[in-house]
Amino acid sequence: MIPYSFHPEAEDEFATAALFYESRIAGLGRSFSAEVQRTISLIREYPDAGALVRPHVRKTLVDRFPYAVVYRHDPESVVILAIAHARRRPGYWKRRK
């Protein structure tokens, strides 16, 4: 599988969303984290399968949760640009490189 890394703001978004879900229902944050990790694994295996949203930037929806993993596929790796809520502030992550 292709290696990956998080943009620092994406890593914060992931942690914040997981804590939010965990605060609502015990175990839900862990479920969210598992679904995001599963999505990242799929991206790493098939990096060109996500929907193209900008040149060189794609997104893949997370099952069971209203989130998308927004990423850039570089020649040697995948960079996660955002763990973006699907219904809030569309495109806020576009300034991230």
Side-chain angles (χ1 to χ4, degrees):
M1 259 190 248
I2 191 167
Y4 77 101
S5 62
F6 278 94
H7 184 283
E9 291 177 76
E11 200 164 27
D12 289 344
E13 290 166 348
F14 184 18
T16 299
L19 288 171
F20 168 79
Y21 281 118
E22 192 64 31
S23 74
R24 297 297 183 241
I25 299 173
L28 192 58
R30 284 189 301 275
S31 293
F32 172 75
S33 294
E35 286 299 326
V36 170
Q37 289 297 337
R38 190 181 71 74
T39 303
I40 291 171
S41 292
L42 287 171
I43 290 167
R44 292 175 65 203
E45 194 166 345
Y46 306 103
D48 294 326
L52 197 60
V53 294
R54 300 183 73 188
H56 310 291
V57 177
R58 296 179 178 273
K59 77 174 180 178
T60 300
L61 298 177
V62 176
D63 286 344
R64 297 182 46 221
F65 296 90
Y67 279 82
V69 178
V70 180
Y71 64 98
R72 182 181 71 233
H73 178 206
D74 292 337
E76 301 291 322
S77 69
V78 168
V79 178
I80 309 299
L81 298 174
I83 305 297
H85 194 285
R87 297 183 195 109
R88 294 187 195 139
R89 298 180 8 220
Y92 72 91
W93 48 264
K94 288 181 181 178
R95 62 178 170 71
R96 298 180 188 173
K97 301 286 181 206

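Counting begins at 1 with the first residue of the sequence.
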K.L.:
Rounded at 0.5 Å granularity, tell me how far CE in Met1 sits from CG in Leu42.
P.N.:
8.5 Å

K.L.:
Could you measure the distance from the OH atom of Tyr67 to the CD atom of Glu13? Nearest 0.5 Å is fine.
P.N.:
8.5 Å

K.L.:
Would you give the length of the straight line joining atom CD of Glu45 to atom CD1 of Ile2, rounded to the nearest 0.5 angstrom?
P.N.:
11.5 Å

K.L.:
Can you give me the closest heavy-atom contact between Leu28 and Glu22, atom names plus distance?
P.N.:
N-OE1, 3.6 Å

K.L.:
To the nearest 0.5 angstrom, please state how far the CD1 atom of Ile40 sits from the OG atom of Ser33.
P.N.:
9.5 Å

K.L.:
Are Val36 and Phe14 close enough that some pair of their side-chain heavy atoms sits under 4.5 Å apart?
P.N.:
yes

K.L.:
Looking at Tyr21 versus Phe65, is the centre-to-centre ring distance below 6.0 Å?
P.N.:
yes

K.L.:
For the backbone of Tyr71 and the side chain of Tyr4, can you confirm whether one donor and one acceptor N or O come within less than 3.5 Å of each other?
P.N.:
no

K.L.:
Are Tyr46 and Val70 joined in one hydrophobic group, where the rule is that I, L, V, M, F, W and Y side chains link up if heavy atoms are under 4.5 Å apart?
P.N.:
no

K.L.:
Mind listing the closest non-hydrogen atom pair of Glu35 and Arg64 along with its distance?
P.N.:
OE2-NH1, 4.0 Å

K.L.:
Working to the nearest 0.5 Å, report the span between CD of Gln37 and CZ of Arg44.
P.N.:
9.0 Å

K.L.:
Only one of Val78, Ile43, Val79, Val57 passes side chain to side chain contact (heavy atoms under 4.5 Å, CB included) with His73; say which it is.
P.N.:
Val78

K.L.:
Please confirm whether the backbone N or O of Asp48 pairs with a side-chain atom of Arg58, one donor and one acceptor, at under 3.5 Å?
P.N.:
yes

K.L.:
Please name the pair of heavy atoms, one in Pro66 and one in Arg87, separated by the smallest distance, quoted to 0.1 Å.
P.N.:
CB-NH1, 3.4 Å

K.L.:
If you measure from CZ on Phe32 to CG on Leu19, what distance do you get to the nearest 0.5 Å?
P.N.:
10.5 Å

K.L.:
Among Leu81, Val62, Leu61, find the residue that satisfies the side chain to side chain contact (heavy atoms under 4.5 Å, CB included) test when tested with Val69.
P.N.:
Val62

